[in-house]
Amino acid sequence: MKTLIIAAYSGVLRGTGSSILSALQDLFSVTWLNRSKVEKQLQVISVLQWVLSFLVLGVACSVILMYIFCTDCWLIAVLYFTWLVFDWNTPKKGGRRSEWVRNWAVWRYFRDYFPIQLVKTHNLLTTRNYIFGYHPHGIMGLGAFCNFSTEATEVSKKFPGIRPYLATLAGNFRMPVLREYLMSGGICPVNRDTIDYLLSKNGSGNAIIIVVGGAAESLSSRPGKNAVTLRNRKGFVKLALRHGADLVPTYSFGENEVYKQVIFEEGSWGRWVQKKFQKYIGFAPCIFHGRGFFSSDTWGLVPYSKPITTVVGEPITIPKLEHPTQQDIDLYHAMYMEALVKLFDKHKTKFGLPETEVLEVN
């Protein structure tokens with residue numbers, strides 16, 4: 001009798017165990033718990049948080065601080081603005097980079113979403129300083145950010161001893177909280193004071209990444225187009241000559257593929273508005289879209305997951321000339337344009353472009 005009871009009890013346990021195991025298997029097979037699905041959503045979230053930070057973080061934090069100033073917590077806003085006054089010039093001295101922030105796991109999800117790669121073609125000497133010309137701008141320069149303001153693509157391991165500083169619009173550093181976020185990644189203002197400081201008072205091994213085409217280039221950014229605004233952009237060459245900083249052509253294949261933009265033709269009212277913004281504010285508003293947060297079949301702010309490969313070319317040795325002439329500037333500018341076109345032609349077929357594709361230099 002006892003044997004029968006034990007056998008029956010064991011059968012119940014076995015049945016219960018099987019039921020529980022089956023239930024757990026069903027639970028973990030649910031779509032939203034599928035590991036690959038979860039990773040994809042984490043990638044989308046990581047990209048979206050950067051896009052929203054780029055677009056609205058500065059304005060949102062300014063509004064919040066002004067609101068706090070009108071509440072019982074006004075002392076918090078006063079203390080922050082007081083500290084901001086004393087810290088105002090920090091971005092001009094290279095900022096306050098944080099290796100901890102640069103190595104956040106979120107940037108690896110950011111990298112894998114597209115995915116983004118950094119290709120090294122030549123070694124860089126730590127005894128020299130460099131100015132990287134980054135092309136093309138795209139809508140947001142996502143490849144430039146991921147490769148040089150984070151360690152997701154291991155820039156510090158690929159170029160040991162080189163400190164990258166991604167230069168961006170100086171107005172971003174007037175925005176509370178956003179400025180701290182940018183500086184933590186090694187981002188600095190793209191102005192003469194900052195570049196002069198980094199190339200003359202910060203030792204050697206500095207690499208300043210300048211998106212040469214700027215806002216003007218972003219206006220022509222669209223999938224399938226490989227064009228750079230460079231022919232009349234010579235200020236970065238003059239800076240390189242004044243400091244003896246080597247020029248490094250850098251091209252990012254796929255940068256123009258991640259967003260679709262409404263292109264306004266020259267002479268249209270839309271282009272007129274964009275140029276006015278560019279002239280007086282420093283950036284050109286673009287009408288663009290990517291995919292939606294939940295579906296790639298809808299429109300939204302999330303960029304399309306298209307591969308971005310940033311190729312860093314061979315450095316051009318630049319002499320130090322305290323007062324370079326226009327002839328000197330034109331000479332090295334022509335050398336730089338030639339090197340960029342050669343870099344594009346050498347690597348274009350590796351990243352899906354036909355042999356007949358030509359880089360348009362405007």
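Below, all heavy atoms of this structure are taken into account, side chains as well, without hydrogens, waters or symmetry copies. What you see is a predicted model, and the numbers here were worked out from it, not measured in a lab. Residue numbers count from 1 along this sequence.
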Asker: Report, as yes or no, whether the 6.0 Å neighbourhood of atom NZ on Lys225 holds more than 12 heavy atoms from other residues, nucleotides or ligands.
Answerer: yes

Asker: What I want to find out is whether Asp328 reaches Lys238 closely enough, with some N-O distance under 4.0 Å, to be called a salt bridge.
Answerer: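 No salt bridge links Asp328 with Lys238.
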
Asker: Using only heavy-atom distances, determine whether the side chains of Glu360 and Asn226 contain a donor-acceptor pair under 3.5 Å.
Answerer: no

Asker: Any chance you could measure Ser295, atom OG, to Arg291, atom CZ, to the nearest 0.5 Å?
Answerer: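 One gets 6.5 Å once the value is rounded to the nearest 0.5 Å.
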
Asker: Looking at Asn129 and Gly203, would you say the former's side chain and the latter's main chain have a donor-acceptor pair under 3.5 Å?
Answerer: yes

Asker: Any side-chain to backbone donor/acceptor pair from Asp246 onto Ile318? Under 3.5 Å, distance only.
Answerer: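 Looks like yes, one N/O pair under 3.5 Å.
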
Asker: To the nearest 0.5 angstrom, please state how far the CD1 atom of Ile131 sits from the CD1 atom of Ile208.
Answerer: 5.5 Å

Asker: Is any side-chain heavy atom of Thr90 closer than 4.5 Å to a side-chain heavy atom of Arg96?
Answerer: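 The answer is yes, as the side chains (C-beta and beyond) meet within the 4.5 Å cut-off.
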
Asker: Between Val47 and Pro303, is any pair of side-chain heavy atoms under 4.5 Å apart?
Answerer: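 Yes, their side chains come closer than 4.5 Å.
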
Asker: At what distance, to the nearest 0.5 angstrom, does CG of Leu84 lie from CG of Leu65?
Answerer: 9.0 Å

Asker: Group every Ile, Leu, Val, Met, Phe, Trp and Tyr by side-chain heavy-atom contacts under 4.5 Å, then state whether Tyr113 and Ile116 land in the same group.
Answerer: yes

Asker: If hydrophobic clusters are built from ILVMFWY residues whose side chains come within less than 4.5 Å, do Met175 and Leu52 share one?
Answerer: yes

Asker: Would Asp87 and Arg179 count as a salt bridge (Lys or Arg N to Asp or Glu O under 4.0 Å) if you check the C-alpha gap in whole Å, the side-chain angles of each, and the deciding distance to 0.1 Å?
Answerer: CA-CA 11 Å; Asp87 194 59; Arg179 69 192 294 274; 3.0 Å; yes

Asker: Is Glu257 paired with Arg222 through a side-chain N to carboxylate O contact shorter than 4.0 Å?
Answerer: no

Asker: Establish whether Leu42 and Phe114 are linked, either directly or via other cluster members, by ILVMFWY side-chain heavy-atom contacts under 4.5 Å.
Answerer: no

Asker: Find out whether Tyr259 and Ser221 are in side-chain contact, i.e. whether some heavy atom of one side chain is under 4.5 Å from a heavy atom of the other.
Answerer: no

Asker: Say whether, by atom type as modelled, one donor and one acceptor occur between the side chain of Ser220 and the main chain of Glu217 under 3.5 angstrom.
Answerer: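 Yes; judged by distance alone, with no hydrogens or angles, the pair exists.
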
Asker: Side-chain contact, heavy-atom cut-off 4.5 Å: Tyr130 with Leu125?
Answerer: yes

Asker: Under 6.0 Å between the ring centres of Phe69 and Phe81?
Answerer: no

Asker: For residues Pro91 and Thr194, report the shortest heavy-atom separation together with the two atoms involved.
Answerer: O-CG2, 3.8 Å

Asker: Under the side-chain contact (heavy atoms from CB on, under 4.5 Å) criterion, do Val51 and Val302 qualify, and how do the steps go?
Answerer: CA-CA 8 Å; Val51 171; Val302 180; over 6 Å; no

Asker: More than 12 heavy atoms of other residues, nucleotides or ligands under 6.0 Å from NZ of Lys306: is that the case?
Answerer: no

Asker: Looking only at non-hydrogen atoms, find the nearest pair between His243 and Leu199 and report the distance.
Answerer: CG-CB, 3.7 Å

Asker: Measuring from atom NZ of Lys158 to atom CG of Asn123, what distance do you get when rounded to the nearest 0.5 angstrom?
Answerer: 13.0 Å

Asker: Measure across Ile195 and Leu239 and return the closest heavy-atom pair with its distance rounded to 0.1 Å.
Answerer: CD1-CD1, 3.8 Å

Asker: Any chance CD of Glu322 has more than 12 other-residue heavy atoms, nucleotides or ligands included, within less than 6.0 Å?
Answerer: no

Asker: Rounded to the nearest 0.5 Å, what separation is found between the OH atom of Tyr109 and the OG atom of Ser46?
Answerer: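 If we round to the nearest 0.5 Å, Tyr109:OH and Ser46:OG are 9.0 Å apart.
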
Asker: Who passes salt bridge (Lys or Arg N to Asp or Glu O under 4.0 Å) against Asp196, sequence neighbours left out?
Answerer: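 Asp196 satisfies salt bridge (Lys or Arg N to Asp or Glu O under 4.0 Å) with Arg192, Arg242 only.
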
Asker: Could you state the interatomic distance from CD1 (Ile209) to SG (Cys188), rounded to the nearest 0.5 Å?
Answerer: 8.5 Å

Asker: Does the structure place the NZ or CZ of Lys348 under 6.0 Å from the centre of the six-membered ring of Phe253, at an angle of no more than 45° from the ring's axis?
Answerer: no

Asker: If every non-hydrogen atom of Gly138 is compared with every non-hydrogen atom of Asn256, which pair is closest and at what distance?
Answerer: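 For Gly138 and Asn256, the tightest heavy-atom pair comes out as CA-OD1, 3.4 Å.
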
Asker: Side chains of Tyr134 and Ser252: any donor to acceptor distance under 3.5 Å?
Answerer: yes

Asker: Let me check something: do Leu124 and Ile316 share a hydrophobic cluster, defined by ILVMFWY side-chain heavy atoms less than 4.5 Å apart, either directly or through other members?
Answerer: no

Asker: Answer yes or no: is there a donor N or O on one side and an acceptor on the other, between the side chain of Tyr336 and the main chain of Gly133, under 3.5 Å?
Answerer: yes

Asker: Do Pro307 and Phe351 have side chains that get closer than 4.5 Å, going by heavy atoms?
Answerer: no

Asker: Determine all donor-acceptor pairs shorter than 3.5 Å in which one atom belongs to a side chain in residues 162-170; sequence neighbours excluded.
Answerer:
{"residue": "Arg163", "atom": "NE", "partner": "Asn206", "partner atom": "OD1", "Å": "3.3"}
{"residue": "Arg163", "atom": "NH2", "partner": "Asn202", "partner atom": "O", "Å": "3.1"}
{"residue": "Arg163", "atom": "NH2", "partner": "Ser204", "partner atom": "O", "Å": "3.0"}
{"residue": "Arg163", "atom": "NH2", "partner": "Asn206", "partner atom": "OD1", "Å": "2.9"}
{"residue": "Tyr165", "atom": "OH", "partner": "Asn202", "partner atom": "ND2", "Å": "3.2"}

Asker: Could you label the plane-to-plane angle of the Phe132 and Phe148 rings as parallel, tilted or perpendicular, counting under 30° as parallel and over 60° as perpendicular?
Answerer: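 Perpendicular: the ring planes of Phe132 and Phe148 meet at over 60°.
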
Asker: Look at the side chain of Arg111 and the backbone N and O of Ala152, then say whether any donor-acceptor pair between them is shorter than 3.5 Å.
Answerer: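 Such a contact is found between Arg111 side chain and Ala152 backbone.
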
Asker: With hydrophobic residues grouped by side-chain heavy-atom distances under 4.5 Å, do Leu79 and Tyr67 end up in a single group?
Answerer: no

Asker: Regarding Ser156 and Glu151, is there a side-chain donor-to-acceptor distance under 3.5 Å anywhere?
Answerer: yes

Asker: Could you walk me through whether Thr121 and His347 satisfy the side-chain contact (heavy atoms from CB on, under 4.5 Å) test, starting with their C-alpha distance in whole Å, then the side-chain angles of each, then the deciding distance to 0.1 Å, before giving a yes or no?
Answerer: CA-CA 11 Å; Thr121 62; His347 295 275; 3.9 Å; yes

Asker: Closest heavy-atom contact between Arg231 and Lys234?
Answerer: O-CE, 3.7 Å

Asker: Taking C-beta and beyond as the side chain, do Glu180 and Met183 meet within less than 4.5 Å on heavy atoms?
Answerer: yes

Asker: Begin from the C-alpha positions of Gln117 and Thr310 and carry the test side-chain contact (heavy atoms from CB on, under 4.5 Å) through to its verdict.
Answerer: CA-CA 6 Å; Gln117 297 181 68; Thr310 303; over 6 Å; no

Asker: Taking the side chain as every heavy atom from C-beta outward, state whether Glu357 and Pro354 have any pair of such atoms under 4.5 Å apart.
Answerer: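 Yes, their side chains come closer than 4.5 Å.
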
Asker: Please assess Leu230 against Met337 for the test side-chain contact (heavy atoms from CB on, under 4.5 Å), listing each intermediate value before the final yes or no.
Answerer: CA-CA 8 Å; Leu230 177 60; Met337 286 199 299; 3.5 Å; yes

Asker: Suppose we screen for ring-ring contact (aromatic ring centres under 6.0 Å, His included). Which residues come up paired with His137, at least two apart in sequence or across chains?
Answerer: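 Partners of His137 by the ring-ring contact (aromatic ring centres under 6.0 Å, His included) criterion come out as none, since no residue qualifies.
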
Asker: Tell me whether Lys260 forms a cation-pi arrangement with Tyr304, defined as NZ or CZ under 6.0 Å from the six-membered ring centre and within 45 degrees of its axis.
Answerer: yes

Asker: Please find the pair of heavy atoms, one from Ile139 and one from Ser218, that lie closest to each other, and give the distance.
Answerer: CD1-O, 4.2 Å

Asker: Using the side-chain contact (heavy atoms from CB on, under 4.5 Å) rule, pick out the option among Thr309, Val312, Val341, Val228 that qualifies with Tyr251.
Answerer: Val228

Asker: Are any of the side-chain heavy atoms of Phe54 and Leu301 separated by less than 4.5 Å?
Answerer: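 When only atoms from C-beta onward are counted, Leu301 and Phe54 do not touch, as no gap falls below 4.5 Å.
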
Asker: Is the distance between the ring centroids of Phe145 and Trp107 under 6.0 Å?
Answerer: yes

Asker: Will you find, in the side chains of Thr229 and Asn362, an N or O donor that is under 3.5 Å from an N or O acceptor?
Answerer: no

